[in-house]
Amino acid sequence: MENTLKKDPTFLNGLGSSLIRGLSRFKTIPAQPGLKTLKTAIAQKQITPVYQPFINAQTGKIAGIEVLARWRHPTYGDVSPDVFIPLAEQHGLIISLTHQLIQQVIADLEHPIQHFPVGTYICINISAQNCLDPNFEIDTCELLKKCVANQSQVVMEITERHPLHFTPQLSNWFAALRRANISVALDDFGTGYSNLSYISALNPEFIKIDKMFISQIGVSADTRLVDCMITLAKNMHLKIIAEGVETQVQANYLRAKQIDFLQGFYFCRPLPVEELLKVVMA
């Protein structure tokens, strides 16, 4: 090797160029998927629903399921919803993505739903952009028809990433959904744009306390913030779902506070429909 370098000084230059060309191929792959990749994923139905059960805090039995979106890409692997959901919202793709997911939920649950407990809550996440979308109302009403067999209830979870502007038109839209027996939950309450004005304007049936607050239980001695949220919800006669419960200490604390429902990895991870059915029937 030493002789080669002495005889041919250009050898290193050639070797360096080869390395640079090789490394440049890796640099062309961005760390996260972009808009074009997301559009392809939606067109090819790569983004699919999974289902995370939540339980009745006092009985320990399954009370409902939350529909969550998952994207497994052949190059990027598992893409976080924290990446692709905001991207879809930013570029006007969230409406078509939500429609596609709800249609898949309808297909997934059409037969298994007869094995669910009577009155199971089926929670669907929507963003501000889904509001006023007439197709969303059609989709949710179609889902409701599939739920009649066991009197399951559809719940819209309003996420906090973008503010809602409460116009008369929006109020009428929510009223129409309510007439169809669709309930409302404030998701990630206490973060982002989810605030006290939403309670007044939406009159929700549920509040979901974000895992950011739940995670402090058992770690910090100061639980005043989560305690205040629980007291507020109880005083307003709202059902409470605690998200992100990951330890027995958290579960016991929330049960002692007489929370209605508990959700998190401590009880069950999000599951494809086939595995969900096994858990429901166990």
Side-chain angles (χ1 to χ4, degrees), residues 52-68 81-82 85-86 119-128 130-131 153-166 170 174 177-178 182-270:
Q52 185 174 31
F54 57 89
I55 69 161
N56 182 302
Q58 304 308 318
T59 67
K61 295 181 179 180
I62 292 177
I65 56 173
E66 180 181 2
V67 179
L68 301 166
D82 291 337
I85 295 295
T120 298
Y121 296 108
I122 300 174
C123 300
I124 306 286
N125 288 282
I126 69 169
S127 75
N130 292 116
C131 298
Q153 303 175 57
V154 175
V155 180
M156 292 187 307
E157 295 191 7
I158 308 296
T159 59
E160 88 299 345
R161 281 181 293 270
H162 297 284
L164 285 174
H165 302 290
F166 293 101
L170 182 61
F174 276 107
L177 293 176
R178 281 264 171 54
I182 296 170
S183 301
V184 173
L186 288 186
D187 195 15
D188 304 330
F189 185 72
T191 66
Y193 291 98
S194 288
N195 53 47
L196 297 178
S197 67
Y198 275 34
I199 297 179
S200 175
L202 290 173
N203 191 26
E205 287 79 10
F206 300 84
I207 278 181
K208 299 194 75 173
I209 300 178
D210 187 68
K211 61 183 179 182
M212 176 177 71
F213 305 107
I214 302 302
S215 65
Q216 295 303 305
I217 299 172
V219 176
S220 170
D222 188 356
T223 58
R224 288 176 296 176
L225 195 53
V226 69
D227 290 345
C228 285
M229 291 182 180
I230 293 169
T231 300
L232 171 67
K234 287 182 176 296
N235 287 342
M236 301 196 72
H237 307 290
L238 304 174
K239 295 183 179 70
I240 306 170
I241 303 174
E243 293 186 290
V245 181
E246 297 186 352
T247 69
Q248 185 173 350
V249 170
Q250 293 168 355
N252 290 344
Y253 183 90
L254 293 165
R255 284 193 178 105
K257 292 288 183 179
Q258 296 185 322
I259 293 288
D260 300 285
F261 306 107
L262 303 174
Q263 179 180 352
F265 284 5
Y266 179 70
F267 301 102
C268 191
R269 292 176 176 270

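If you read the sequence from its start, that first residue is 1, and numbering goes on from there.
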Side-chain heavy atoms of [X] within contact of [Y], under 4.5 Å:
X: Arg255; Y: Leu262; answer: yes
X: Cys123; Y: Phe54; answer: yes
X: Ile214; Y: Leu254; answer: yes
X: Ile124; Y: Val155; answer: no
X: Tyr253; Y: Val245; answer: no
X: Phe174; Y: Asn203; answer: no

For this session: Return yes if some donor-acceptor pair links the side-chain N/O of Asn125 with the main-chain N/O of Ser127 below 3.5 Å, else return no.
Result: no

Exercise. Is the side chain of Thr223 donor-acceptor paired with the backbone N or O of Val226 at a distance under 3.5 Å, no angle test?
Worked result: no

For this session: Just jot down the ring-ring contact (aromatic ring centres under 6.0 Å, His included) partners of Tyr266, sequence neighbours excluded, or say none.
Result: none

Measuring from [X]:[atom1] to [Y]:[atom2], what's the distance to the nearest 0.5 Å?
X: Phe206; Y: Phe261; atom1: CZ; atom2: CZ; result: 5.5 Å
X: Leu202; Y: Leu170; atom1: CG; atom2: CG; result: 7.5 Å
X: Asn56; Y: Ile62; atom1: CG; atom2: CD1; result: 11.5 Å
X: Asn252; Y: Thr247; atom1: CG; atom2: OG1; result: 8.5 Å
X: Leu238; Y: Asp260; atom1: CG; atom2: CG; result: 9.5 Å
X: Leu186; Y: Glu205; atom1: CG; atom2: CD; result: 10.0 Å

For this session: Could you check Val154 against Leu177 for side-chain contact (heavy atoms from CB on, under 4.5 Å), going step by step and ending with a plain yes or no?
Result: CA-CA 10 Å; Val154 175; Leu177 293 176; over 6 Å; no

Problem set entry | Residue from Asp187, Ile158, Val184 passing side-chain contact (heavy atoms from CB on, under 4.5 Å) with Ile126 | Ile158

For residues [X] and [Y], report the shortest heavy-atom separation together with the two atoms involved.
X: Gln250; Y: Glu246; result: OE1-N, 2.8 Å
X: Ala233; Y: Ile207; result: CB-CD1, 4.3 Å
X: Pro86; Y: Pro81; result: CD-O, 3.4 Å

Exercise. If you draw a 6.0 Å radius around CZ in Arg269, do more than 12 non-hydrogen atoms from other residues or ligands fall strictly inside?
Worked result: no

Exercise. Considering the options Lys208, Lys211, Gln52, which one meets the side chain to side chain donor-acceptor pair (under 3.5 Å) requirement together with Glu243?
Worked result: Lys208

